[in-house]
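Residue numbers count from 1 along this sequence. Quick note: numbers below take in every heavy atom, side chains included, and nothing from hydrogens, waters or symmetry partners.
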Amino acid sequence: MPRAKADLAELVALPSVADPRQFPPENCRQAAEWVASAFTAAGLQNVRLAETPDGSHAVLGDRPPPPGAPTVLLYSHYDVQPPLDEAAWQTPPFELTERDGRWYGRGAADCKGNIVMHLTALRALGDDIPVGLKLVVEGSEEQGTGGLEAYVPDHAEELRADTLLICDTGNAAVGVPTVTTVLRGLVNVVVTVSTLAGDMHSGMFGGPAPDALAALIRMLDSLRDADGGTHVSGLQSNGVWPGVDYDEQQFRTDAGVLSGVELLGSGSVADRLWARPAVTVLGIDCPPVVGSAAAVPARARARVSLRVPPGTDPELAAEALTEHLKAAAPWGARVDVEREGTGSPFRAASDGPAYAALDRAMREAYGKPIAHLGQGGSIPLCNVLAETFPQAELILMGVEEPRCLIHAPNESVDPTEIERMALVEALFLGYYADSHAS
């Protein structure tokens, strides 16, 4: 674990945000080279940087299997989210800092903590790695520009494996061994509302002059029903989650819900998170309070995100969201909806030998049986891998439990999760090899 902490400190210190508008591209190159060097030292061969179609570099490598043994692909990503509001960080975002038993820093969990988990597991096994290995560490996952998704189909043999260990999720809570079997899909749109040729003086024209911002507010409000649940015409909103539940009070704590503020929607928390569509208004362009004039706004726009559960086609969901917003526009306001992108939901089959080996490993490492969880995030690569390698088992796991606050200020990781999940991975590789030997 001291080596794991040192690794993570070096990685977190590299601000590898894959957006040249915000951070220099050489930061990502340095992170990729660090990853390549570390996995080479941990026993992988042919470790190299491969440029993907979006210009980012994935780190690839392999290790041949012992005779008769299966091959496991290890996945993670080295790029991170930007720090956002640095003033909200209690410690420097790109400096690993220990506080109250947790390690803080951007990427400490998502996903550099999972890179360190892989390295720790491989070092624990040393030269006695009982399976073949393939490695892919992505360089632009957080930007969603699709570099690795475009790379995989044309380079399938470089990544072909019997089981794909996708380490970009985590446990339901610290100490609760969990595998993610469902990922919600994603639809992002930008809706623009126009009502006037230009902003007009509110004293002279306010009243009859249609306010574009007020029209947008009505449209956005129409996306929720009376209890705050998501309502998009044409989409079902009554799904039920069959896996592990999410305690409501624990969710309130994890999400930082203020005292007295109600949760939105109906059904269990797990239903609302993983089995039903969920809309979020990510941002609004309108006159700011400071500097605003006494004028009727002529134009306003918003960025709207819609998460969709497995069983919902994201293309159909995008069409439904677009038509709903246009139909909700009041006063004949002109509406333009620009689609930014979609990501398909994912559901993993969990009845194969790899899942049996993982359950055994998790029981040994945690003393508890495996739990099944959904995740709010879309990982488009999962669907590409499932389509490219239909016979392979796909497992989603990692160190990113809810208190990590991934994508938010003060991201952190519990080091005991790195320790135990690295143990899970090392045990899993052995038990999975045993299942093929028998």
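- The number of heavy atoms from other shown groups lying within 6.0 Å of CD (Gln22) is above 12.
- There is no side-chain donor-acceptor pair under 3.5 Å between Ser233 and Glu323.
- Taken from CG in Leu135 to CG in Asp62, the straight-line distance is 9.0 Å, to the nearest 0.5 Å.
- No more than 12 heavy-atom neighbours from other residues, nucleotides or ligands sit within 6.0 angstrom of CZ on Arg403.
- Remark: Glu26 does not engage Arg29 in a salt bridge, criterion side-chain N to carboxylate O under 4.0 Å.
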Glu315 and Arg339: CA distance, side-chain angles, deciding distance, salt bridge (charged side-chain N to carboxylate O under 4.0 Å, His left out) verdict: CA-CA 10 Å; Glu315 294 299 321; Arg339 188 185 305 184; 2.5 Å; yes
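- The distance from the SG atom of Cys404 to the CZ atom of Arg102 is 5.0 Å, given to the nearest 0.5 Å.
- Test Val337, Leu316, Leu223 against Leu321 for side-chain contact (heavy atoms from CB on, under 4.5 Å) and you get one pass: Leu223.
- Ionic pairing of Glu158 and Arg48 is present here: one or more N-O contacts between side-chain nitrogen and carboxylate oxygen are shorter than 4.0 angstrom.
- The OG1 atom of Thr192 lies 5.0 Å from the CZ atom of Arg299; values are rounded to the nearest 0.5 Å.
- Taking the six-membered ring where tryptophan is involved, the planes of Phe94 and Phe23 are perpendicular, since the angle between them exceeds 60° and thus also 30°.
- When each of Leu164, Leu165, Ile166 is paired with Leu396, the side-chain contact (heavy atoms from CB on, under 4.5 Å) condition holds for Ile166 and for no other.
- Arg301 has no carboxylate O lying under 4.0 Å from a charged side-chain N of Glu338, or vice versa, which leaves the two without a salt bridge.
- The closest side-chain donor-acceptor pair between Glu400 and Asn114 falls under 3.5 angstrom.
- With respect to Glu411 and Lys112, no salt bridge is recorded, no charged nitrogen being found less than 4.0 Å from a carboxylate O.
- Defined by atom type and a distance below 3.5 Å, a donor-acceptor pair is missing between the side-chain atoms of Asp162 and Tyr432.
- Between the side chains of Asp79 and Ser16, no donor-acceptor pair is found at a separation under 3.5 Å.
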From CA spacing to verdict: side chain to side chain donor-acceptor pair (under 3.5 Å), Asn383, Ser344: CA-CA 7 Å; Asn383 290 288; Ser344 296; 4.7 Å; no
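- Atom CZ of Arg218 has 12 or fewer neighbouring heavy atoms from other residues, nucleotides or ligands inside a 6.0 Å radius.
- Results of the side-chain contact (heavy atoms from CB on, under 4.5 Å) test with His57 over Val137, Val35, Thr52, Leu49 single out Leu49 as the only residue that passes.
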